[in-house]
Asks: 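So that we are looking at the same thing, I have put the structure below in structure tokens.
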Amino acid sequence: MIFTLKSSYSQCAMCKAVVESGDVPLAEGVNNGISYLMVFPYLLIGGLFFALYRYKKNQAKN
């Protein structure tokens, strides 16, 4: 995911219409915002799996 992040920028239809005005810094900001919002679900799921892993490991140890 990290290696393809630069080439996988895209927007929804409404965001694309706003960004097509030609303002490059605005377009980069929208893409960075989308990437920023995309990270949190992965962090939450990763934290959940880590907690489950630790729970199962402690249950097997006891």
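Atoms considered below: every heavy atom in the structure, side chains included; atoms not considered: hydrogens, waters and symmetry mates.
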Asks: Atom OH of Y53 and atom CG of N58: how far apart are they, to the nearest 0.5 Å?
Replies: 10.0 Å

Asks: Taking atom CZ of F49 and atom NZ of K56, what is their separation to the nearest 0.5 Å?
Replies: 12.5 Å

Asks: Kindly compute the distance separating CG (L48) from CG (L44), expressed to the nearest 0.5 Å.
Replies: 9.0 Å

